[in-house]
Participant: 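Next up is a structure, given as structure tokens.
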Protein chains: 2
Amino acid sequence: MPSSRKSPALGCLAGHVGFHLRLAQLAVFERFESRLGEIDVSPAIFSVLEVLHQNDGITQSTLAATVSLDRSSVVPLLDKLAKRGLVERRASTTDRRHNHLHLTDAGRELLAEATRRASEHEKEVCKPFTIAEKKLLLDLLGRFRKPRT
Amino acid sequence: MPSSRKSPALGCLAGHVGFHLRLAQLAVFERFESRLGEIDVSPAIFSVLEVLHQNDGITQSTLAATVSLDRSSVVPLLDKLAKRGLVERRASTTDRRHNHLHLTDAGRELLAEATRRASEHEKEVCKPFTIAEKKLLLDLLGRFRKPRT
DNA sequence: TATTGTTATACTCTATAACTATA
DNA sequence: TATAGTTATAGAGTATAACAATA
């Protein structure tokens, strides 16, 4: 039975995935910040570092597409990371329009620590799910993505 | 088998709910805007209008809590809606610190149209799911919310 | 003292459009 | 002409802190 102090009715919002996606992301990102804020790693920064680690020498536009950002949005992000000595931009020798991106040693070290913390975070945030449920959730979320391109 | 032009590896991001929540929300909100942008209704505005409709006379702070915003964030939002003639603020007679919020006739009319469009949007965006899967998804998303308070 | 709404302020995130340098 | 990165700029969205009115 509902608690005596009833909360306001949500109407059709209760059945809207967008509404629930926002609340879920809010809760998850908040806890991410509380664990990785200490080492100045935001969700966006973490995803960039990880993609760089997985794809050494990747180009800025490809990175942007991979994390679903505009290529212009990636510039100030990389500026910050370069200033912190975590990332290097090397002009391509074959096509001088491209920058190839590389993690520095410091970048790899920070990523290692960030990965440890992110993994704890993930464990905490997914406590309400069984392994099968989490797998299912990721599968369902993946279906929102645009079909092709 | 993978396409010949392979996309960059995501590493551990592929298993992180936060990463997938962001992509999903991005896709969903984008399509919401494409359907309701025409009538100048953003996801935030829609949720406010619907909560006001469900809870006539609700107070600003309660509204804010209901849609997970700070009470200061709700002020400029309501300013806009009031300026558009969709919402009224009436000072409470019993406790003059409170504003009681009400939809105007115009507000109800716009909400009706917005609800029609939102329902089409919801149908479109949930095409990849069966009824059972969508129900399950909402259930799973709900588990991220903080336990009590 | 505590609470509601407000203001002033600022910060983050992100995109668009135009520029440059290449190709 | 087209592309990669950059710049300048602007707009959302949101929060924090302090304030006035009220309780």
Side-chain angles (χ1 to χ4, degrees), chain A residues 8 18-19 21-23 25-27 29-30 32-34 36-37 40-48 52 57-83 87-102, chain B residues 5 8 18-19 21-23 25-30 32-34 36-37 40-48 52 57-83 87-102:
Chain A
F19 185 72
L21 282 171
R22 177 176 166 269
L23 294 187
Q25 201 193 334
L26 214 61
F29 274 41
E30 193 175 286
F32 187 99
E33 299 282 8
S34 85
L36 288 98
D40 277 301
V41 172
S42 65
I45 289 180
F46 182 72
S47 66
V48 165
L52 259 44
I58 195 178
T59 203
Q60 290 186 202
S61 293
T62 311
L63 168 64
T66 305
V67 297
S68 285
L69 288 176
D70 190 86
R71 68 193 205 278
S72 70
S73 302
V74 137
V75 174
L77 226 161
L78 290 173
D79 287 347
K80 269 188 233 162
L81 296 180
K83 194 167 300 179
V87 166
E88 262 184 20
R89 287 188 250 226
R90 299 189 204 143
S92 167
T93 51
T94 66
D95 182 342
R96 308 229 322 271
R97 291 173 300 181
H98 292 81
N99 283 340
H100 294 295
L101 302 170
H102 304 273
Chain B
R5 204 186 322 165
F19 185 73
L21 282 171
R22 177 175 167 269
L23 295 187
Q25 201 192 333
L26 214 62
V28 170
F29 274 41
E30 194 175 285
F32 188 99
E33 299 281 7
S34 86
L36 287 97
D40 277 303
V41 172
S42 64
I45 288 179
F46 181 73
S47 66
V48 164
L52 258 44
I58 194 177
T59 203
Q60 289 186 205
S61 291
T62 311
L63 167 65
T66 305
V67 298
S68 285
L69 287 177
D70 191 87
R71 69 193 205 275
S72 71
S73 303
V74 138
V75 174
L77 226 160
L78 290 173
D79 287 348
K80 270 189 231 159
L81 296 179
K83 195 169 297 177
V87 166
E88 262 184 18
R89 287 188 249 225
R90 298 188 204 143
S92 167
T93 51
T94 65
D95 181 341
R96 307 227 323 269
R97 290 172 302 182
H98 292 81
N99 282 341
H100 293 295
L101 302 169
H102 304 272

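Below, chain A is the first sequence line, B the second, and so on; all start at residue 1.
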Participant: With a 3.5 Å distance limit and no angle check, can you tell me whether A:T62 reaches the backbone of A:I58 through a side-chain donor-acceptor pair?
Facilitator: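 No, A:T62 side chain to A:I58 backbone: no donor-acceptor pair under 3.5 Å.
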Participant: Atom CD in A:Q60, atom CG in A:L77: separation rounded to 0.5 Å?
Facilitator: 10.5 Å
Participant: Over all heavy atoms of both residues, which pair between B:A44 and B:S47 is shortest? Give the atoms and the distance, please.
Facilitator: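 For B:A44 versus B:S47, the nearest heavy atoms are O-OG, 2.8 Å.
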Participant: Could you pick out which residue, B:H98 or A:P43, lies toward the 5' side of DNA chain C when each is mapped onto its nearest nucleotide?
Facilitator: B:H98
Participant: What's A:S61 touching, base or sugar-phosphate or nothing? Going by heavy atoms closer than 4.0 Å.
Facilitator: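 Sugar-phosphate only.
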Participant: Identify the heavy atoms of A:E88 and A:R90 that sit nearest to each other, and give their distance.
Facilitator: OE1-NE, 2.9 Å
Participant: Nearest-nucleotide wise, let me know which of A:L26 and A:D70 is further upstream toward the 5' end of DNA chain D.
Facilitator: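 Result: A:D70.
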Participant: List the residues meeting side-chain hydrogen bond (donor to acceptor under 3.5 Å, both in side chains) with A:T94, not counting sequence neighbours, and say none if there are none.
Facilitator: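 Result, side-chain hydrogen bond (donor to acceptor under 3.5 Å, both in side chains) vs A:T94: A:S92.
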Participant: Just report the end-to-end axis angle for the helix from C:dT1-D:dA23 to C:dA23-D:dT1, five pairs per end, to 10 degrees.
Facilitator: 10°
Participant: Check for a donor-acceptor pair, side chain of B:R22 on one end and backbone N or O of A:V67 on the other, with a separation under 3.5 Å.
Facilitator: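 Yes; judged by distance alone, with no hydrogens or angles, the pair exists.
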Participant: For DNA chain D, which residues of residues 62-69 of chain B approach it to below 4.0 angstrom with any heavy atom?
Facilitator: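 B:L69 - these, ordered by number, are the residues of the stretch whose heavy atoms sit under 4.0 Å from the strand.
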Participant: Return the set of residues passing side-chain hydrogen bond (donor to acceptor under 3.5 Å, both in side chains) with B:Q25 (not counting sequence neighbours), or none when no residue passes.
Facilitator: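 Counting only residues at least two positions away or on another chain, B:Q25 forms no side-chain hydrogen bond (donor to acceptor under 3.5 Å, both in side chains).
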Participant: Provide a list of protein-nucleic acid N or O atom pairs under 3.5 angstrom, restricted to nucleotides 7-12 of chain D.
Facilitator:
none

Participant: Looking at every non-hydrogen atom in both residues, tell me the closest pair between A:I45 and A:D40 and how far apart they are.
Facilitator: CD1-O, 3.9 Å
Participant: What heavy-atom pair brings B:R71 and B:S61 nearest, and what distance separates the two atoms?
Facilitator: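 Scanning both residues, the minimum pair turns out to be CD-OG, 3.6 Å.
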Participant: Could you tell me which residues satisfy salt bridge (charged side-chain N to carboxylate O under 4.0 Å, His left out) with B:D79, sequence neighbours excluded, listed by chain and number?
Facilitator: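 If we apply the salt bridge (charged side-chain N to carboxylate O under 4.0 Å, His left out) test to B:D79, skipping adjacent residues, the hits are B:R89.
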Participant: According to side-chain hydrogen bond (donor to acceptor under 3.5 Å, both in side chains), who are the partners of A:E33, at least two apart in sequence or on a separate chain?
Facilitator: none
Participant: Whole Å only: how far is the CZ atom of A:F29 from the P atom of D:dT14?
Facilitator: 14 Å
Participant: Could you tell me which residues satisfy side-chain hydrogen bond (donor to acceptor under 3.5 Å, both in side chains) with B:S72, sequence neighbours excluded, listed by chain and number?
Facilitator: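 Result, side-chain hydrogen bond (donor to acceptor under 3.5 Å, both in side chains) vs B:S72: B:D70.
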Participant: Using a 4.0 Å heavy-atom cut-off across all strands, classify B:N99 as base, sugar-phosphate, or nothing.
Facilitator: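 Contact class for B:N99: sugar-phosphate only.
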Participant: Roughly, in whole Å, what's the span from CG in B:L77 to C1' in D:dG13?
Facilitator: 9 Å
Participant: Quick one: side-chain contact (heavy atoms from CB on, under 4.5 Å) partners of A:L23, sequence neighbours excluded?
Facilitator: A:F19, B:S68, B:R145
Participant: What residues form a ring-ring contact (aromatic ring centres under 6.0 Å, His included) with A:F32, not counting sequence neighbours?
Facilitator: A:H121
Participant: Passes side chain to side chain contact (heavy atoms under 4.5 Å, CB included), B:T59 versus B:N99? Steps please.
Facilitator: CA-CA 6 Å; B:T59 203; B:N99 282 341; 5.6 Å; no
Participant: Give the intermediate values and the outcome of side chain to side chain contact (heavy atoms under 4.5 Å, CB included) for residues A:L63 and A:L78.
Facilitator: CA-CA 11 Å; A:L63 168 64; A:L78 290 173; 4.2 Å; yes
Participant: Please find the earliest and latest nucleotides of DNA chain C, in the 5' to 3' direction, that have an atom within less than 4.0 Å of any heavy atom of chain B.
Facilitator: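 Using the under 4.0 Å cut-off, the span is C:dA2 to C:dT14.
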Participant: What string of B, S and - do you get for nucleotides 18-23 of chain D, 5' to 3', if B is base contact, S is sugar-phosphate-only contact and - is no contact with any protein heavy atom under 4.0 Å?
Facilitator: ---BBS
